[in-house]
Amino acid sequence: MKQLSPAQIVLMKKAGEMTKNALNYAESLIKPGISTNSLDNLISEYIIKHGGKPSFKNYFGYPKSTCISINEVVVHGIPSERKLKEGDIVSIDVGVEYKGYNGDAARTFPVGRISEEKQKLIDVTRESFFEGIKNLKAGERLGKLSSSIQNYVEKNGFSVVREMVGHGIGDKMHLEPNVPNYGKETDGPIVQENTCLAIEPMVNMGTRKIFVLEDGWTTITQDLMPSAHYENTVLILKDKVEILTL
Ligand code: MF3
Ligand code: CO
């Protein structure tokens, strides 16, 4: 884990704030009938207007600025002409680069009225992040975070996706270490101070098993049951953790 200088931390905070603002703007646009392409275009324009760069665009050939994942789509849904409809849940994942530094965050939103079970899935996914960061501390093993996320999710009857994980973040969107949302307390590296991580539980209502479609991106649940995603970029300091995208 490469440690950040005070000047780099300032830029990470700025990138995080821009990411947070873009997601808040995204939330304000959600309504039945809007297409995921329209959401992507509006969010992209918003990021650029505020001096940032949508970091997902062209990342390993990714064709859009955001990932928008409806219902059984776990992550990396590619914006299209598909329209949101009442009762859907929609995960929006946004990355912003500012002066070479990166913010990365995601939320799952309800579209109009949704079932109680889908609302519980959204809530447990978000809460698993907060359970996790209670156990994230400089000098401790990263596995304490990972295992507490897994325990919280499974205690609530849902499952954790394993094939995709969170990551270090800084002057690139993806840095060491991997940040799994499962595992043992004794797993992983010792967390270093003055570093940033993107922590991003992906939680399925049914099986944890996933499947990637032929477009090479769209990741869906094998049983086609819904999935939710919650991600923040966090800054680990000597004796506290700050959430940069909330
Ligand atoms: N938040 C995601 C991640 O951490 C999004 C990257 S997707 C891509 O991996 F489109 F940029 F590739
Ligand atoms: Co991420």
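As the structure lists them, so they are numbered: ligands from 1, and atoms in each ligand from 1. Everything numeric here is computed off the predicted structure, so don't read it as measured data.
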Just do the side chain to side chain contact (heavy atoms under 4.5 Å, CB included) check on Thr195 and Leu175 with the steps written out, would you?
CA-CA 11 Å; Thr195 61; Leu175 294 173; over 6 Å; no
Given the rule in the salt bridge (charged side-chain N to carboxylate O under 4.0 Å, His left out) test, do Lys20 and Glu17 qualify, once you have shown the distances and angles that lead to the verdict?
CA-CA 5 Å; Lys20 166 188 80 179; Glu17 189 179 322; 5.2 Å; no
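When every heavy atom of Ile43 is checked against every heavy atom of Ala26, the shortest pair comes out as CD1-CB, 3.6 Å. Nearest approach of Asn102 to Ser55, heavy atoms of both residues: OD1-CB, 3.9 Å.
Residue contacts with ligand 1 do not include Lys64, since none of its heavy atoms lies under 4.0 Å from the ligand. The shortest heavy-atom distance from Met164 to ligand 1 is not under 4.0 Å.
Atom 5 (C) of ligand 1 has Phe56 CZ, 3.4 Å as its closest protein atom, hydrogens excluded (heavy atom only). Protein heavy atom nearest atom 10 (F) of ligand 1, with residue, atom name and distance: Tyr62 CG, 3.1 Å. In terms of protein heavy-atom proximity, atom 1 (N) of ligand 1 is nearest to Asp93 OD2, 2.7 Å.
A 6.0 Å sphere centred on NZ of Lys53 holds no more than 12 heavy atoms belonging to other residues, nucleotides or ligands. More than 12 non-hydrogen atoms from other residues, nucleotides or ligands lie less than 6.0 angstrom from NZ of Lys120. No more than 12 heavy atoms of other residues, nucleotides or ligands shown are found within 6.0 angstrom of CD on Glu176. Heavy-atom neighbours of Phe211 CZ from other residues, nucleotides or ligands within 6.0 Å: at or below the threshold of 12.
Inclusion of Asp93 in the first shell of the Co ion (ligand 2) is not supported: no N, O or S atom falls under 2.8 Å. Among the backbone and side-chain atoms of His167, an N/O/S atom is found under 2.8 Å from the Co ion (ligand 2).
Asp104 contributes OD2 as its N, O or S atom closest to the Co ion (ligand 2). Summary: OE2 is the N/O/S atom of Glu231 found nearest to the Co ion (ligand 2). Restricting Glu200 to its N, O or S atoms, the one at the least distance from the Co ion (ligand 2) is OE2.
Heavy-atom contacts of Trp217 reach the following atoms of ligand 1: 12 (F) (cutoff under 4.0 Å). Against a heavy-atom cut-off of under 4.0 Å, Tyr59 is close to the following atoms of ligand 1: 11 (F), 12 (F). Ligand-side atoms of ligand 1 in range of His167: 3 (C), 4 (O), range being under 4.0 angstrom from any heavy atom.
Of the N or O atoms in His76, none lie within a sub-3.5 Å distance of an N or O in ligand 1. Residue contacts with ligand 1: His229 is placed with no nitrogen or oxygen under 3.5 Å of a nitrogen or oxygen of the ligand (distance criterion only).
Of the candidates Glu231, Met173, His174, Lys57, it is His174 that places a heavy atom closest to atom 3 (C) of ligand 1.
The aromatic rings of Tyr25 and Tyr46 lie parallel to each other, with less than 30° between the two planes, well short of the 60° mark.
In this structure, Leu213 CG and Thr219 OG1 are separated by 7.5 Å, a value rounded to the nearest 0.5 Å.
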